[in-house]
Amino acid sequence: MALRVYNTLTRRDEEFKPLEEGRVRIYVCGITPYDKSHIGHARPSVFWDVVRRYLTYLGYQVTLVQNFTDIEDKLIAKSKETGTPPAEIAEKYAADYLVAMDKLGVQRADAYPRASQVIPEIIEMTKALIAKGYAYESSGDVYFRAEKFKGYGKLSGKKLEELRPGARVEVSDLKESPLDWALWKASPEDEPGWPSPWGRGRPGWHIECSVMVQKYLGTPIDMHGGGTELIFPHHENEIAQSEAYLGKEPYVRYWIHHDMLNLEGEKMSKSLGNVISLDEILRKYDPMAVRLYLLSAHRRKILEFSDELLRSAEKGWERIRNGFSRAQEFLSNPRFGGARDPLNLQREVARCNEEFFKAMDDDFNTPSALASIFDLITAINAHVVTSGGETSDSRGREAVAEAYGTLLRLCGILGLAPVTEKVQDTVDARLVEGVIKLLTEIREKSRKEKDYRTADAIRERLSSLGILLEDTPAGTKWRFIR
RNA sequence: GGCGACAUGGCCAAGCGGUAAGGCGAGGGUCUGCAAAACCCUUAUCCCCGGUUCGAUUCCGGGUGUCGCCUCCA
């Protein structure tokens with residue numbers, strides 16, 4: 001088994017081999033925190049979290065860095081509008097973003113550098129590019145000569161001749177060619193700026209990533225992630241300026257892009273105004289269901305957004321959770337007999353395990369990996385007997401323990417954790433549990449007396465409060481529902 | 001206009017040369033006082049037309065459709 005990944009640069013699946021054995025260095029383009037995050041922002045975060053968990057599981061030491069662009073036109077515009085300093089706006093939304101990521105179970109990156117924190121390095125790199133003849137100063141701006149870099153267009157597959165007539169590039173008298181882009185821009189008095197050899201100014205867009213990659217990871221890095229919309233011009237330019245500066249290639253060994261999230265067939269994006277905030281989604285749906293939804297399509301495919309899909313994911317997540325509880329319950333109660341056909345269960349578990357890794361090795365095929373998890377759930381449900389009374393069977397117990405361990409491991413790689421549904425406040429939690437227990441006992445009594453009207457009324461009332469009662473041979477169980 | 005991606009059941013979504021994983025939904029059955037959960041069964045020939053092949057959803061060519069990039073964007 002070997003991990004294969006699709007590399008945007010070569011346009012094919014390649015076997016993944018890190019530069020340095022046992023170590024993987026990853027840089028992912030983060031967000032510009034100038035407004036609330038939407039679900040589209042959660043896709044790369046969850047995807048890369050899974051990559052990281054998987055690589056870590058495989059034994060690699062993974063370093064992942066993700067930037068926050070805190071100097072940018074929209075941020076500056078918003079600052080002028082509201083009178084709040086750009087840095088303050090950026091930090092507020094960055095913090096919100098991280099809180100949402102925590103909810104989604106995304107492990108924190110090793111570093112979240114801000115553009116404003118790497119100004120000296122940006123100036124150094126810009127100076128070096130000028131010295132090498134790849135960049136030139138023009139009225140306080142510094143531009144990169146796109147056409148001077150011979151590999152320009154290799155990532156996006158664009159040719160210089162095709163780009164020129166396009167004429168949709170920002171035209172400026174300050175540039176030698178419309179394809180050139182700013183490494184450094186002069187700042188007006190009322191906008192943020194830093195002193196530089198070219199006067200007061202601020203970095204261009206692409207340069208921060210080049211600098212952060214070098215500063216925090218060292219080149220070449222193994223994987224660079226980002227959305228497909230960043231392939232051109234952002235990543236194309238990033239390669240050009242970095243390789244021109246470093247004087248060697250590659251700058252990045254595997255370019256790994258994810259596709260967009262669509263709303264009613266159109267890309268969800270702020271500029272189109274068709275965004276759905278992450279906050280809203282996380283209020284409405286179980287974060288793990290959201291995670292399941294985000295992993296339900298391969299990273300290179302467009303993911304359609306709809307409430308129906310989220311609801312469907314929530315049902316799927318419930319199924320996984322129920323499978324967990326079934327196995328847990330069995331294992332925690334030695335009275336429960338065993339597995340129906342332990343050998344068959346073991347065989348199924350082994351099969352699901354194998355399929356799961358095969359899927360993950362195939363360019364992180366999470367939808368296929370999820371299918372293995374669902375198969376595993378079905379096997380557990382079909383084999384595990386939690387209807388008490390029967391004598392213990394060690395072989396059966398072992399098979400179930402193994403199934404449970406596998407489920408835990410596979411779900412762990414995808415970051416799907418069955419959170420125990422305890423209420424935060426312990427006093428409230430105890431109260432709720434006590435009251436439900438009381439009601440359950442009363443209902444139990446009614447059922448014994450065949451007073452089903454009372455029993456059903458209790459169940460219905462609790463159900464409308466979001467508490468589901470289930471009568472099983474082992475007694476009445478309850479859980480929260482939405 | 002240039003470049004590129006995709007088109008699989010009611011809704012999602014894997015597979016990509018040997019006659020279609022999985023989830024949600026729907027229908028039937030088992031269990032249950034009834035529910036719930038769960039299990040079992042049923043629910044597709046893969047956009048169209050050509051070609052290559054013993055054989056194509058899977059490869060090639062041509063259509064049609066949808067989306068993305070070429071401008072800020074995860």
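A note on names: the letters A, B, ... follow the listed sequences, proteins ahead of strands, and every chain is numbered from 1.
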Select base, sugar-phosphate, or nothing to describe what [X] touches, counting heavy atoms under 4.0 Å on all strands.
| X | value |
| --- | --- |
| A/Thr32 | sugar-phosphate |
| A/Leu230 | sugar-phosphate |
| A/Gly225 | nothing |
| A/His234 | nothing |
| A/Asp73 | nothing |
| A/Ser463 | nothing |
| A/Lys450 | nothing |

Candidate nucleotides [options], ranked by approach to the side chain of [X] - the nearest:
| X | options | value |
| --- | --- | --- |
| A/Pro367 | B/A14, B/A74, B/C72 | B/A14 |
| A/Lys301 | B/G25, B/C12, B/A14 | B/A14 |
| A/Thr228 | B/G68, B/A36, B/C11 | B/G68 |
| A/Ser271 | B/C67, B/A36, B/C72 | B/C72 |
| A/Glu229 | B/C34, B/C69, B/A13 | B/C69 |

Criterion ring-ring contact (aromatic ring centres under 6.0 Å, His included) against A/Trp181, the qualifying member of A/Phe144, A/Phe149, A/Phe232: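 Exactly one candidate clears the test, A/Phe144.
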
Ring centres within less than 5.5 Å and planes less than 30° apart: is that true of A/Tyr452 and B/G33 in this structure?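 Given the distance and angle limits, yes, they stack.
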
In the structure shown, which nucleotide is the Watson-Crick or G-U wobble counterpart of [N], with both distances under 3.5 Å?
| N | answer |
| --- | --- |
| B/U66 | B/A5 |
| B/C59 | B/G51 |
| B/C34 | none |

Inter-nucleotide [atom1] distance ([N], [M]), Å rounded:
| N | M | atom1 | answer |
| --- | --- | --- | --- |
| B/U8 | B/G15 | C1' | 10 Å |
| B/C3 | B/G10 | P | 36 Å |
| B/G4 | B/C40 | C1' | 46 Å |

Within the modelled atom types, does a donor on one side and an acceptor on the other bring the side chain of [X] and the base of [N] under 3.5 Å apart?
| X | N | result |
| --- | --- | --- |
| A/Asp259 | B/G68 | no |
| A/Lys74 | B/C72 | yes |
| A/Arg459 | B/A35 | yes |

Closest-nucleotide ordering on RNA chain B, the 5'-leading residue of A/Arg300 and A/Leu469: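 It is A/Arg300 whose nearest nucleotide is closer to the 5' end.
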
Whichever of A/Ala379 and A/Glu266 has its nearest RNA chain B nucleotide further upstream toward 5':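 Nearer the 5' end of the strand: A/Ala379.
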
Do A/Glu329 and A/Lys477 come within less than 4.5 Å of each other through their side chains, counting heavy atoms only?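 Yes; the side chains approach each other to less than 4.5 Å.
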
Are A/Arg397 and A/Phe330 in a cation-pi setup, meaning NZ or CZ lies under 6.0 angstrom from the ring centre and within 45 degrees of the ring axis?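 That pair qualifies as a cation-pi contact.
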
Do A/Lys270 and A/Tyr34 meet the cation-pi criteria used here (NZ or CZ under 6.0 Å from the six-membered ring centre, within 45° of the axis)?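 Ring-cation test returns yes.
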
Under 4.0 Å: is that the gap between some side-chain N or O of [X] and OP1 or OP2 of [N]?
| X | N | value |
| --- | --- | --- |
| A/Arg319 | B/C39 | yes |
| A/Asn365 | B/G15 | yes |
| A/Lys448 | B/G33 | no |

Side-chain ion pair, A/Glu354 and A/Lys358, N-O less than 4.0 Å: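 Between A/Lys358 and A/Glu354 there is no salt bridge, as every charged N stays at least 4.0 Å from the carboxylate O atoms.
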
Quick check on salt bridge (Lys or Arg N to Asp or Glu O under 4.0 Å): which of A/Asp259, A/Asp362, A/Asp363 does A/Arg300 satisfy it with?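 Per the salt bridge (Lys or Arg N to Asp or Glu O under 4.0 Å) rule, the option paired with A/Arg300 is A/Asp363, out of A/Asp259, A/Asp362, A/Asp363.
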
